[in-house]
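To keep things clear, I will list the structure first and then write my remarks on it.
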Amino acid sequence: MKCRILFAASLILMSTYCAIAIEKTTVELHALVKIFEQNPSDTKATVQLLKELNKQGKSGQEVVNRYFQTQKEVDYYKDYNWAIVRDYVTDVNAPQLQYVFKNCDKFVELFSKDDVFQKLDNVLVNHLEQLYKQNKADYETSLKKIKEGGYEHYDVVSDYFYIRQLRADKNAEDYFYKARKLFRYFPENRQMIKEITAGALEIMTDVSRLKVIQLWAGKTVETQSDFDAIYNYVKISQKCGFYDVAKRYASVANKLAVKSGSGTMKELADELMKMIN
């Protein structure tokens, strides 16, 4: 009986969700929602809908929840289910992720250590980041639980936050080695890379090591829309002797500042233009 009640409730929630989605989005999304409603166990249709929702900046959590109601836990090991968990499940307390944590060795065996731990590490640091900003005591308690639980990548998750203390302590030696480690395990985390670059500019003087940071900093300016990232990239490129790169991105920063109308950004952009001339 309890299962039937939960199932009925999920249908009500799904119907409400679909009505909202249809009202606010495109005909294409409307069609994908209808297909999903007809058969929520269809993996291909689910992925297409999740991709479209993601493209439009909308949450796909209700879709994920409804889809996994049609799947058995043992089938989480299927490559198509792992792909959905990897790409679309972000809540550390989600049953699917908790299942991965509990059966980590099996997932690593099937999908590679890098693939699995990159997902789990990112989920944990995203969760801890909120606590770190809001309540340090809760952050420390949660980090301790991760350690006591025997999580294999505890040191990776811990160093994600510890590197900030190294920056405050101006410990350039350890900062560099922690930075390389974090680049290895969070290669797509542009915000982290941007923060590490800013820290390197603040406390590091060894040009050979700055060149390693500069290489990674290039990831943060791929879209050429983040002024702070571009500002850091120009400064570190100049320090490393990559003058043509610094000049090119100083021009990008200047254009962004003019477009924004921000006086502060314009001052920083002028600083860069003076630096490269």
Side-chain angles (χ1 to χ4, degrees), residues 41-55 59-61 63-130 142-163 176-197 212-213 215-220 222-223:
S41 66
D42 185 328
T43 305
K44 184 177 179 181
T46 300
V47 171
Q48 286 179 325
L49 177 54
L50 288 169
K51 283 182 178 178
E52 185 62 25
L53 287 167
N54 186 60
K55 187 167 70 174
S59 171
Q61 190 58 55
V63 173
V64 169
N65 292 345
R66 182 67 187 88
Y67 170 77
F68 276 109
Q69 288 174 8
T70 71
Q71 305 295 306
K72 298 176 181 178
E73 280 192 338
V74 68
D75 289 333
Y76 291 176
Y77 293 120
K78 303 291 186 182
D79 56 354
Y80 53 84
N81 279 334
W82 163 243
I84 292 176
V85 173
R86 182 192 63 208
D87 297 340
Y88 298 106
V89 180
T90 58
D91 181 358
V92 68
N93 295 313
Q96 299 78 33
L97 278 174
Q98 288 299 310
Y99 189 81
V100 178
F101 277 112
K102 291 174 183 175
N103 300 277
C104 197
D105 290 345
K106 180 65 174 179
F107 279 91
V108 165
E109 179 185 327
L110 293 170
F111 304 110
S112 89
K113 191 169 186 176
D114 283 351
D115 201 23
V116 174
F117 278 106
Q118 189 173 116
K119 174 62 181 181
L120 298 182
D121 291 348
N122 273 288
V123 166
L124 287 172
V125 299
N126 288 339
H127 172 69
L128 288 169
E129 186 74 73
Q130 298 304 312
S142 293
L143 189 62
K144 184 179 179 181
K145 286 181 179 179
I146 293 169
K147 182 179 182 179
E148 292 174 346
Y151 182 60
E152 187 174 330
H153 269 207
Y154 166 77
D155 62 313
V156 176
V157 174
S158 177
D159 284 344
Y160 183 92
F161 299 92
Y162 179 55
I163 196 171
F176 175 69
Y177 289 109
K178 295 298 185 187
R180 288 202 311 177
K181 178 180 182 179
L182 293 175
F183 291 155
R184 160 75 173 82
Y185 289 109
F186 301 96
E188 300 304 322
N189 190 326
R190 284 161 174 73
Q191 181 61 34
M192 181 204 73
I193 296 170
K194 181 171 74 171
E195 290 177 6
I196 288 176
T197 304
V212 175
I213 306 292
L215 182 65
W216 282 91
K219 275 182 164 286
T220 68
E222 288 174 347
T223 62

Could you tell me which non-hydrogen atom of K181 sits nearest to which non-hydrogen atom of V156, and how far apart they are? CE-CG2, 4.0 Å

To the nearest 0.5 Å, how far apart are CD in E109 and SG in C104? 12.0 Å

Using modelled atom types and a 3.5 Å cut-off, is there a donor and acceptor pairing between side-chain atoms of D75 and backbone atoms of K78? no

Roughly how far, to the nearest 0.5 Å, is CD of Q118 from CZ of R86? 9.5 Å

Can you give me the closest heavy-atom contact between E152 and D155, atom names plus distance? O-OD1, 3.9 Å

Side chain of T46, backbone of D42: donor and acceptor closer than 3.5 Å? yes

Distance col, row I196:CD1 vs N189:CG, nearest 0.5 angstrom, shows 8.5 Å

Rounded to the nearest 0.5 Å, how far apart are CZ of F176 and CD1 of I163? 10.5 Å

Parallel, tilted or perpendicular: rings of Y185 and H153 (30°, 60°): perpendicular

Heavy-atom check, side chain of Y160 versus side chain of L124, under 4.5 Å: no

Value for CG (D159) from CG (L182), rounded to nearest 0.5 Å, stands at 6.0 Å

Shortest non-hydrogen separation from I213 to A179 and the atoms involved: CD1-CB, 4.0 Å

Check step by step if side-chain hydrogen bond (donor to acceptor under 3.5 Å, both in side chains) holds for N103 and Y76. CA-CA 10 Å; N103 300 277; Y76 291 176; over 6 Å; no

Y154 and L143 have their tightest heavy-atom pair at CE1-O, 3.4 Å

Distance-only polar pair, side chains of Q191 and E195, donor-acceptor under 3.5 Å: yes

What's the verdict on side-chain contact (heavy atoms from CB on, under 4.5 Å) for W216 and T197, showing C-alpha distance, side-chain angles and the deciding distance? CA-CA 8 Å; W216 282 91; T197 304; over 6 Å; no

Apply salt bridge (Lys or Arg N to Asp or Glu O under 4.0 Å) to residues K51 and D87 and explain how you reach the verdict. CA-CA 10 Å; K51 283 182 178 178; D87 297 340; over 6 Å; no

Does any donor atom in the side chain of Y151 or D121 lie under 3.5 Å from an acceptor atom in the other side chain? yes

Is K55 salt-bridged to E52, going by a charged N under 4.0 Å from an acidic O? yes

So V116 and W82, side-chain contact (heavy atoms from CB on, under 4.5 Å) or not? Walk me through it. CA-CA 9 Å; V116 174; W82 163 243; 4.1 Å; yes

Taking atom CZ of F161 and atom CG of L128, what is their separation to the nearest 0.5 Å? 4.5 Å

Let's go through Q69 and N65 carefully: what are the C-alpha distance in whole Å and the side-chain angles of both, what is the deciding distance for side-chain hydrogen bond (donor to acceptor under 3.5 Å, both in side chains) to 0.1 Å, and is it a yes or a no? CA-CA 6 Å; Q69 288 174 8; N65 292 345; over 6 Å; no

Verify side-chain hydrogen bond (donor to acceptor under 3.5 Å, both in side chains) between N54 and Y88, making sure each step is shown before the conclusion. CA-CA 9 Å; N54 186 60; Y88 298 106; 5.7 Å; no

On a heavy-atom basis, which atom in T90 and which in L97 lie closest, and how many Å separate them? C-CD1, 4.2 Å

Evaluate the side-chain contact (heavy atoms from CB on, under 4.5 Å) criterion for residues E188 and K219: first the C-alpha distance (whole Å), next the side-chain angles of each, then the deciding distance (0.1 Å), finally the verdict. CA-CA 8 Å; E188 300 304 322; K219 275 182 164 286; 3.2 Å; yes

Aromatic contact, Y77 with F111 (centres under 6.0 Å): no

Between Q96 and Y99, is a side-chain contact (heavy atoms from CB on, under 4.5 Å) present by the stated rule, with each step listed? CA-CA 5 Å; Q96 299 78 33; Y99 189 81; 5.7 Å; no

Using only atom types and a distance under 3.5 Å, with no angle test, would you say the side chain of Q98 pairs donor to acceptor with the backbone of V92? yes

Looking at V47, L53, I84, which hits side chain to side chain contact (heavy atoms under 4.5 Å, CB included) with V63? L53

Any salt bridge between D114 and R184, counting N to O under 4.0 Å? yes

For E222 against R190, the heavy-atom pair lying closest together: OE1-NH2, 2.6 Å

